[in-house]
Every structure is written in structure tokens, then in C-alpha cells.
Amino acid sequence: MNPFVKINIFKKLKSRSRLTGCFILIALVTAPLVFALVFSESMMRGITEKYICLSDGHIQTKQDISSIPDYMLYSADSVISGNVLLYSSTETAPLLVKGVNDSYFNEKRSSQLHFISKSEEESNLSGIIISRSTAEKLNVTVGDKVAMMVVPENSDRVLRPVLARVSGVFYTGYDSLDKSLSFVDYEYAQKLFSAETSSFELILDSSYAENLDCVLSYLPSLEKTYIWKTKNTAVYENFVASRQMIMIILLLVVAVAAFYTASLANQIVEDDMRNIAIYKLLGSDNSLIKNYLFVSVYIVTIAGILVGLILGLILSLNMAPLLSYLSKAGLEGLSFYLLDFDVTVPFLSIILLLSALMLISFITVRLTLRRTARITPVQLFTSL
């Protein structure tokens with residue numbers, strides 16, 4: 001690097017002036033950008049995992065699954081499900097009831113829900129496991145009796161009222177799923193719903209979770225076979241739209257931050273106009289002047305990005321206390337969000353976003369510094 005450029009970069013960085021404000025702003029913009037990306041990606045992955053494990057599996061089918069190799073499957077469970085209206089003495093709640101065996105709550109599913117309380121007492125009444133939000137709405141606890149009105153699968157059947165006992169209360173961390181989900185014993189579900197409602201829920205081995213077509217090719221037919229994306233179309237489309245919207249908003253924030261660095265470069269040129277004129281009077285080339293100004297601004301920009309990245313990752317990896325506080329706050333708007341999930345760092349998205357910030361800053365600062373060519377030694381005397 002040219003000695004003239006080196007000396008002036010050092011002087012500019014040492015003087016701080018406007019560069020300190022640029023460094024702080026870039027760091028304060030980058031940190032929440034990283035946090036927002038980590039939070040949104042982690043939440044979406046967490047919600048996806050809960051829907052897969054507790055709602056429909058990766059694949060739900062009525063076909064014979066014996067042809068699917070065991071190594072492709074993490075679990076395959078026979079499930080009978082139907083809709084009911086659950087009554088307490090004061091309230092009513094519409095629910096999807098799933099009839100499952102004890103093996104249904106394997107290690108992966110158990111990691112996606114927490115049993116707050118569960119009764120092992122024997123009773124003449126069959127038990128139903130409901131969510132915490134349903135229990136609060138109906139104002140019931142474990143051991144209380146509830147009435148169920150079984151909604152018929154077709155017009156040939158009639159509504160059937162039955163009595164049941166709350167045998168357990170669970171919490172998944174996602175209120176929208178909690179409000180509609182409940183479980184009963186598989187044998188009891190056979191009495192409540194027709195055999196037509198039975199199906200297999202398949203959770204795939206992690207190496208095949210993203211390659212559903214490979215697994216589906218082993219089924220004799222795809223009739224009455226669904227993957228979780230099509231079974232929960234609204235949820236999946238909402239994820240896609242949310243990702244796109246978040247990236248657009250963050251890119252706009254990045255663009256604003258990048259143009260701020262260009263504005264800063266313009267202000268530095270204004271502040272150094274006299275020095276630039278002197279340098280040119282002494283014979284300095286305009287490209288050398290542009291270089292020292294550009295490198296000074298760009299070093300500060302990159303330093304701000306790196307510090308903001310570190311701060312954002314630290315905040316993201318320690319968000320558990322914040323989420324715990326929010327989960328206890330009981331705010332109505334939080335029901336649309338998952339507040340209990342593993343942190344996933346989307347490195348590719350972060351790299352792309354920060355690269356965009358550096359690229360836009362590079363271009364805008366370079367374009368701004370072209371005005372140094374219009375500064376001549378004559379201006380040194382006209383400003384006196």
C-alpha cells in the first residue's frame with residue numbers, strides 16, 4: 001500500500017471524529033439483524049418440528065407401509081383421529097382427538113411436549129389428555145369429568161355424547177397447536193371413531209427427512225397419502241411468506257445502513273476538503289486521496305459488522321431467559337409464536353445479508369468519493 005495512503009488512513013482512524021458514530025451505528029444495526037434471523041429461523045424450525053412430531057408426521061398414509069425399509073423410518077404409528085366438542089360445566093372447546101398407543105410418545109415426540117400433570121389412577125371412565133390452554137379454557141384439572149360430543153365423519157352418523165375424565169395435561173410451547181390437540185388411548189378411539197379414520201403417521205430418519213419423494217416411492221399407491229406440507233398448507237405457506245417478508249425487511253434495513261456509510265463518506269469529504277486541496281496542490285494523485293478515504297470508511301464498516309455479528313450471536317444464543325419471561329407474560333399476541341425451541345443459527349442467511357451490507361456499502365461509498373475529483377487547489381484560496 002502507498003505510504004501516503006497508509007499515513008492518512010492511520011491519521012483518519014486515530015482522529016475518530018465521524019467514524020466512531022459510523023462504527024457504533026453499523027454494530028447496532030448488525031446485532032439485531034443477526035438476532036432477528038436466528039430467532040425467526042429457530043422459531044420456524046421449531047414449529048415445523050412440532051407439527052411433524054405431534055400433528056401428522058412427515059408422511060400420513062392409509063397405505064400398507066411394510067414395503068418401506070426400516071432404516072428410512074424413525075417411527076411408524078397407527079393413529080385413529082376425529083373431531084369432538086369437549087364440554088365442562090362452564091365452557092366448550094372444539095378439539096382434534098388422536099387415539100394413540102403408549103409407544104406413540106417416543107423420545108422425539110416427548111421432546112416436543114411436556115406433561116404438566118398426569119394421573120395413573122384407575123377409573124371407570126376413559127381418560128383424555130388435553131393441553132394446558134384447553135384445561136384453562138374449560139377450567140378443569142386432572143381427574144375432572146368432561147363431556148365429549150363426537151362429531152360424525154359423514155352425514156350417515158349422528159352426534160354421540162360420551163363422558164370422559166381428564167387424565168393428563170400437556171404443554172407444547174405453541175399455543176395455536178395446543179388449542180386443537182388432545183390424545184386418548186388407541187382402543188378407546190376405536191369405539192369413538194370409525195376405522196376409516198385410522199392412518200399411519202411416519203416420522204422419517206433425519207437423513208431422509210428432506211427426501212420425502214424417495215420414501216413415497218416405496219408405497220404401493222399415493223392415494224390418501226399426505227406429506228406434512230400439504231396436510232398443513234396454511235402453516236407451510238405462512239412460513240414461506242414469513243421468510244420472504246423478513247428477508248425483504250432486513251435487506252431494506254441493510255440498504256439504509258449502507259447508504260448511511262455513503263452519507264458519512266460525503267461528510268468526511270466536506271470536512272477534509274481543505275486538506276484534499278492541499279494534497280493536490282502538493283502533487284498527490286486523486287486516486288490516492290480516494291483510496292485513503294475509502295479504506296478509512298470501509299475498515300470502520302467491516303469492524304462494525306464484525307462486532308455486531310458477535311453481539312447478535314451472543315444475544316441469540318442466550319435468548320432463553322427472554323423467551324421464558326415472554327412465555328409467562330400471558331400476552332394474547334404471543335399465541336402465534338413458539339416460545340420454546342432450540343436455537344438454530346442460519347449461517348448462510350447471515351452471510352448473505354452481511355455480504356449484501358458490505359457490497360452495497362462498497363458501491364455507495366465508491367460512488368460518493370468520486371466527488372473528490374472536483375476538488376482543486378483553487379478552492380484552497382477561494383475558501384479563505
Side-chain angles (χ1 to χ4, degrees), residues 22-53 58 74 108 111-112 173-174 203-214 227-229 235-261 297-324 326 336-365:
C22 177
F23 170 80
I24 294 173
L25 177 77
I26 295 297
L28 291 179
V29 167
T30 303
L33 283 179
V34 172
F35 181 85
L37 279 174
V38 174
F39 179 82
S40 59
E41 184 67 21
S42 299
M43 182 180 65
M44 289 178 190
R45 283 179 179 269
I47 292 174
T48 298
E49 196 66 21
K50 287 194 185 295
Y51 267 97
I52 289 172
C53 289
H58 286 102
Y74 176 85
K108 182 168 284 190
S111 68
Q112 297 298 325
Y174 188 44
I203 296 181
L204 306 184
D205 183 84
S206 57
S207 55
Y208 291 92
E210 300 297 330
N211 193 10
L212 301 183
D213 290 338
C214 178
I227 61 176
W228 84 270
K229 294 178 184 179
V235 175
Y236 179 71
E237 290 179 349
N238 183 53
F239 286 169
V240 174
S242 297
R243 275 197 179 95
Q244 293 173 344
M245 186 60 64
I246 288 169
M247 286 303 294
I248 290 172
I249 293 172
L250 294 184
L251 282 172
L252 290 175
V253 173
V254 162
V256 171
F259 279 102
Y260 173 81
T261 61
V297 174
Y298 210 62
I299 284 177
V300 170
T301 301
I302 293 176
I305 289 173
L306 291 175
V307 171
L309 173 61
I310 294 170
L311 288 175
L313 290 175
I314 291 173
L315 288 172
S316 301
L317 296 173
N318 292 277
M319 67 171 73
L322 173 62
L323 297 179
S324 177
L326 290 175
F336 298 100
Y337 298 93
L338 176 64
L339 299 175
D340 177 21
F341 52 78
D342 294 327
V343 174
T344 302
V345 180
F347 288 106
L348 180 60
S349 297
I350 292 174
I351 291 171
L352 289 175
L353 202 63
L354 298 187
S355 297
L357 175 54
M358 289 190 286
L359 177 62
I360 298 172
S361 297
F362 180 93
I363 295 171
T364 54
V365 172

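The structure presented is a predicted model; accordingly, all values stated were derived computationally and were not measured.
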Between atom [atom1] of [X] and atom [atom2] of [Y], what is the distance when rounded to the nearest 0.5 Å?
X      : Y      : atom1 : atom2 : answer
Ile227 : His58  : CD1   : NE2   : 10.5 Å
Met358 : Ile360 : CE    : CD1   : 11.5 Å
Tyr298 : Ser361 : OH    : OG    : 6.0 Å
Phe362 : Ser355 : CZ    : OG    : 13.5 Å
Glu41  : Leu348 : CD    : CG    : 10.0 Å
Leu354 : Leu37  : CG    : CG    : 8.0 Å

Taking every non-hydrogen atom, the tightest pair across [X] and [Y]:
X      : Y      : result
Val297 : Thr261 : CG1-O, 4.2 Å
Lys50  : Gln112 : NZ-O, 2.8 Å
Val29  : Ala257 : CG1-CB, 4.0 Å
Gly312 : Ser316 : O-OG, 2.7 Å

Check whether any side-chain heavy atom of Val38 lies under 4.5 Å from a side-chain heavy atom of Ile350, and answer yes or no.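 Counting from C-beta outward, Val38 and Ile350 do come under 4.5 Å.
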
Do the side chains of Val307 and Phe23 get nearer than 4.5 Å, heavy atoms only?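 Yes, close enough: below the 4.5 Å cut-off.
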
Please check this pair: side chain of Ser42 against backbone of Thr344, looking for a donor-acceptor N/O pair closer than 3.5 Å.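 It does hold such a pair.
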
Val253: which of Leu353, Ile248, Leu357, Leu33 passes side chain to side chain contact (heavy atoms under 4.5 Å, CB included):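 Running side chain to side chain contact (heavy atoms under 4.5 Å, CB included) over Leu353, Ile248, Leu357, Leu33 with Val253 returns exactly one hit, Leu33.
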
Residues, nucleotides or ligands: over 12 heavy atoms within 6.0 Å of Phe259 CZ: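 Open: at most 12 neighbouring heavy atoms sit under 6.0 Å from CZ of Phe259.
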
side-chain contact (heavy atoms from CB on, under 4.5 Å) partners of Tyr260, counting only residues at least two apart: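 With neighbours one apart ignored, the set is Cys22, Leu25.
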
